[in-house]
Amino acid sequence: VRHASDRVAVMYLGRIVEAGTEDEIYEHPTHPYTQALLSAAPSPDPALRDNSERILLEGDVPSPADPPSGCRFRTRCFKARDVCAEEDPELRIRSASHPDACLFSEERQVVRPV
Ligand code: SF4
C-alpha cells in the first residue's frame, strides 16, 4: 500500500489494483486483494478485531517476471472465474467512486465499525 498525499494506492505484482482516498480504501474497498489485505491487518482495538471478517488467501505470490495470464491476482483470488484467466482488467472506475482493476469488483466492508 502506497500513500501519496491523501490518496492511497494498493499494488499487486507491480501494478496498482485499487486507488482512492483513505476512506474509500479502508471503509469501502472494492478489489478482492485490498479486501484480503485489510482483513489480515492487525487492529490495536480488540472490539474491531473481534468484529472483523478475515479473508485468507491461498497459494504463493507468483513471480512478477512470469505473471499469470489475464488478471495477475487470479491464482489467489477468492472471486476468480474462468474469464479472469483471459482478460487483464485495467484500472478504471466501475461501481464505486474510486478506480480498481477487477472484472467483478464490489464493495465489501471487511473492518466493521463497532
Ligand atoms: S478480475 Fe477476477 S481474478 Fe482478478 S481480482 Fe477480479 S475477480 Fe479476482
Side-chain angles (χ1 to χ4, degrees):
V1 180
R2 177 172 295 170
H3 291 259
S5 66
D6 64 337
R7 303 279 295 173
V8 178
V10 181
M11 300 187 73
Y12 185 77
L13 285 189
R15 280 196 191 165
I16 294 176
V17 296
E18 184 169 358
T21 64
E22 286 191 13
D23 274 357
E24 287 170 334
I25 297 298
Y26 292 107
E27 306 292 332
H28 308 281
T30 57
H31 193 282
Y33 180 59
T34 309
Q35 293 161 352
L37 207 59
L38 290 175
S39 81
S43 170
D45 184 335
L48 275 179
R49 216 168 27 233
D50 293 344
N51 209 23
S52 299
E53 180 181 4
R54 187 84 194 265
I55 301 170
L56 295 176
L57 295 180
E58 296 182 359
D60 297 323
V61 179
S63 166
D66 185 24
S69 64
C71 176
R72 291 178 169 217
F73 185 54
R74 72 172 172 81
T75 55
R76 307 183 73 207
C77 183
F78 53 89
K79 291 179 71 176
R81 304 181 198 177
D82 289 348
V83 68
C84 301
E86 310 293 331
E87 292 188 31
D88 186 5
E90 294 179 15
L91 186 69
R92 60 183 172 181
I93 294 176
R94 297 174 196 280
S95 58
S97 62
H98 60 278
D100 65 56
C102 173
L103 300 171
F104 303 103
S105 63
E106 60 185 352
E107 186 179 323
R108 180 173 175 179
Q109 198 172 33
V110 291
V111 180
R112 296 191 177 92
V114 288

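Heads up: numbering here begins at 1 and tracks the sequence.
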**Q** Short question: side chain of K79, backbone of F104 - any donor-acceptor pair under 3.5 Å?
**A** yes

**Q** What are the two closest heavy atoms between E87 and P89, and how far apart are they?
**A** O-CD, 3.3 Å

**Q** Can you tell me how far SG of C71 sits from CG of L13, rounded to the nearest 0.5 angstrom?
**A** 9.5 Å

**Q** Donor-acceptor pair, distance only, cut-off 3.5 Å: does the side chain of H31 make one with the backbone of A101?
**A** yes

**Q** Are L103 and V17 joined in one hydrophobic group, where the rule is that I, L, V, M, F, W and Y side chains link up if heavy atoms are under 4.5 Å apart?
**A** no

**Q** Measure from the side-chain N and O atoms of Q35 to the backbone N and O of P29, and report whether any donor-acceptor pair falls under 3.5 Å.
**A** yes

**Q** How long is the straight-line distance from CD1 of I16 back to CG of D100, given to the nearest 0.5 Å?
**A** 12.0 Å

**Q** Among all residues two or more places apart in sequence or in another chain, which pass the salt bridge (charged side-chain N to carboxylate O under 4.0 Å, His left out) test with D23?
**A** none

**Q** Compare every heavy atom of Y12 with every heavy atom of R72, then report the nearest pair and how far apart it is.
**A** O-CE2, 3.4 Å

**Q** Measuring from C102:SG to Y33:OH, what's the distance to the nearest 0.5 Å?
**A** 14.5 Å

**Q** For T75 versus P62, what's the shortest heavy-atom pair and its separation?
**A** OG1-CG, 3.7 Å

**Q** CG of D6 to CD of E24: how many Å apart, nearest 0.5 Å?
**A** 9.5 Å

**Q** Measuring from D88:CG to S69:OG, what's the distance to the nearest 0.5 Å?
**A** 9.0 Å

**Q** Which pair of non-hydrogen atoms, one from R7 and one from P99, has the smallest distance, and what is that distance?
**A** NH2-CD, 4.4 Å

**Q** Any side-chain heavy-atom pair from H28 and T30 closer than 4.5 angstrom?
**A** no

**Q** Could you tell me if the side chain of E107 sits less than 4.5 Å from the side chain of E27, heavy atoms only?
**A** no

**Q** Quick one: do V10 and L57 end up in the same hydrophobic cluster if we chain Ile, Leu, Val, Met, Phe, Trp and Tyr together by side-chain heavy atoms under 4.5 Å apart?
**A** yes

**Q** As a test of understanding, state which of T21, I25, V8 forms a side-chain contact (heavy atoms from CB on, under 4.5 Å) with H98.
**A** I25

